[in-house]
Amino acid sequence: MHEGTIPVAELPGGFDMQATVESGQTYLWDRADGGMFEDDHAWGSDAWYHTVLPATLIDIDEPQVIRARQRDGHVEWNASTPEAPAYLTHLLRLDDNLDAIVDDCPDLPLLERAFAEYRGMRLVRDPPFPCLVSFICSAQMRVERIHGMCTRLAQQYGDAVSFGGDTYFAFPTPAQLADATETDLRDLSLGYRAPYVQRTAEMVATREADPAHARDLDYEAAREYLTQFVGVGDKVADCVLLFSLDFLEAVPLDTWIQTAIEEYYPDCDGDNYADTSRKIRRQFGDRYAGYAQTYVFFYLRTGGE
DNA sequence: TATCCAAGGTAAGTT
DNA sequence: AACTTACCTTGGATA
């Protein structure tokens, strides 16, 4: 067992662990106390969270378990690898200068309120394939249930990893999910998303396409590239670009943001997805529009207005 | 107790 | 290219 702490004071712009992993950007973390995504708990929790880093992401033999919590100005961690601080930095974007990002965003009242409410929340940098699958599952679904689907997929198809006397499950690899049948996946309550997940996993497993390849393309071409996966339209593609592939300008146009656009930025209501996307990106600032989107999404979803 | 509805959309079929 | 409709599942609201 390796362990240590990371002082939050050394992270420009601070950090809010709970807001970062429970804001609906990622479904790949879990809470040790089982309260993940419960809407009635107080914010500012110091609960332990954990995730399993896929072996493929770092090219090692075994998936690695990373546990972390935020308390008394530190991120405390313990993990199966001494490299945990570097992985936490990668997964939770601790390398972002949050102060500079917030300064770069335009002075919009709604945005100011969202930043004020959850200052310290960072975007995540999920591994590409798990991110792709989790957002295929997100279609017409509530956050608690998306998380449940991902948990069941890991328990059913992922590699078991023992750490600290407990058993954790890595997110399944493309090959592991490609071998599942539609019926198997429907039994995990994926509903009509079941064949989408199976066929997309097959595309990645056979190297027909690779979500990580989108990283090499320009933003709109990258979004187009990702829509070749089954179950992936513009919205899910934008989620993968923003929450996994470092396209901080991507603005997923989900129902919450659509409503926000109608209410707060009617001029940005365009003729189609691409048109609205360009307009809201201009409104939120070309470089970090995705950061602005995520703060606004979480702020509205938790009752702000 | 039964019915209805919406939840971070997408694919397939029609104009 | 723009517009409709069907699609799994489930918890909570409504009758």
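By convention in this document, chain letters (A, B, ...) are assigned in the order of the sequence lines, proteins followed by strands, and residues within each chain are numbered from 1. For clarity, every value in this text was computed on a predicted model and none was experimentally measured. As a basis for the values below, the full set of heavy atoms in this structure was taken, side chains included, without hydrogen atoms, waters or symmetry mates.
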*Would you indicate what Q25(A) reaches in the nucleic acid, counting non-hydrogen atoms under 4.0 angstrom: base, sugar-phosphate, or nothing?*
base
*Y27(A) near the nucleic acid: base, sugar-phosphate alone, or nothing, with a heavy-atom cut-off under 4.0 Å?*
base
*Could you state the atom-to-atom distance from CG of D187(A) to P of dT10(C) in whole Å?*
11 Å
_If you assign each of P252(A) and T227(A) to its closest nucleotide in DNA chain B, which residue comes earlier from the 5' end?_
P252(A)
*Rounded to the nearest angstrom, tell me the gap between atom CG in L226(A) and atom P in dA11(B).*
12 Å
*Roughly how many Å is it from CZ in R186(A) to P in dC7(C), rounded to a whole number?*
10 Å
*Round to a whole Å and report the spacing from CD of Q140(A) to P of dC5(B).*
15 Å
*Between G231(A) and W256(A), just flag the one whose closest nucleotide in DNA chain B comes earlier from the 5' side.*
W256(A)
*Are R69(A) and E76(A) close enough for a salt bridge, meaning some N to O gap below 4.0 Å?*
yes
*Applying a 3.5 Å limit to both distances, which nucleotide forms a Watson-Crick or G-U wobble pair with dA12(B)?*
dT4(C)
*Stepwise, does the side-chain contact (heavy atoms from CB on, under 4.5 Å) test hold for M121(A) with T20(A)?*
CA-CA 5 Å; M121(A) 178 174 76; T20(A) 300; 4.1 Å; yes
*Euclidean distance, atom CD of residue Q258(A) to atom C1' of dT10(B) [Å, nearest integer]*: 14 Å
*So which of F284(A), Y288(A), F115(A), Y118(A) actually passes ring pair (Phe, Tyr, Trp, His ring centres under 6.0 Å) with Y295(A)?*
F115(A)
*How is V143(A) classified with respect to the nucleic acid when contacts are heavy atoms under 4.0 Å: base, sugar-phosphate, or nothing?*
base
_Gap between atoms CD and C1', on E182(A) and dC8(C) respectively (whole Å)_ = 10 Å
*Check the distance between dA6(B)'s P and D254(A)'s CG and give it to me in whole angstrom.*
17 Å
*Using the benzene-type ring in the case of Trp, are the ring centres of F37(A) and H147(A) under 6.0 Å apart?*
yes
*With a 4.0 Å cut-off on heavy atoms, is S23(A) in touch with a base, just the backbone sugar-phosphate, or nothing at all?*
base
*For F135(A) and dA7(B), what is the distance between atoms CZ and P respectively, to the nearest whole Å?*
17 Å
*asked:* When you measure only distances, ignoring hydrogens and angles, does the side chain of R193(A) come within 3.5 Å of the base of dC7(C) through a donor and an acceptor?
replied: no
*Can you find a side chain N or O atom of S189(A) that sits less than 4.0 Å from OP1 or OP2 on dT10(C)?*
yes
*asked:* Salt bridge check, E220(A) against R278(A): does any charged N sit closer than 4.0 Å to a carboxylate O?
replied: yes
_Candidate nucleotides dA11(B), dA6(B), dT9(C), ranked by approach to the side chain of Y196(A) - the nearest_ = dA11(B)
*Got a donor-acceptor pair under 3.5 Å from the side chain of Y192(A) to the base of dG9(B)?*
yes
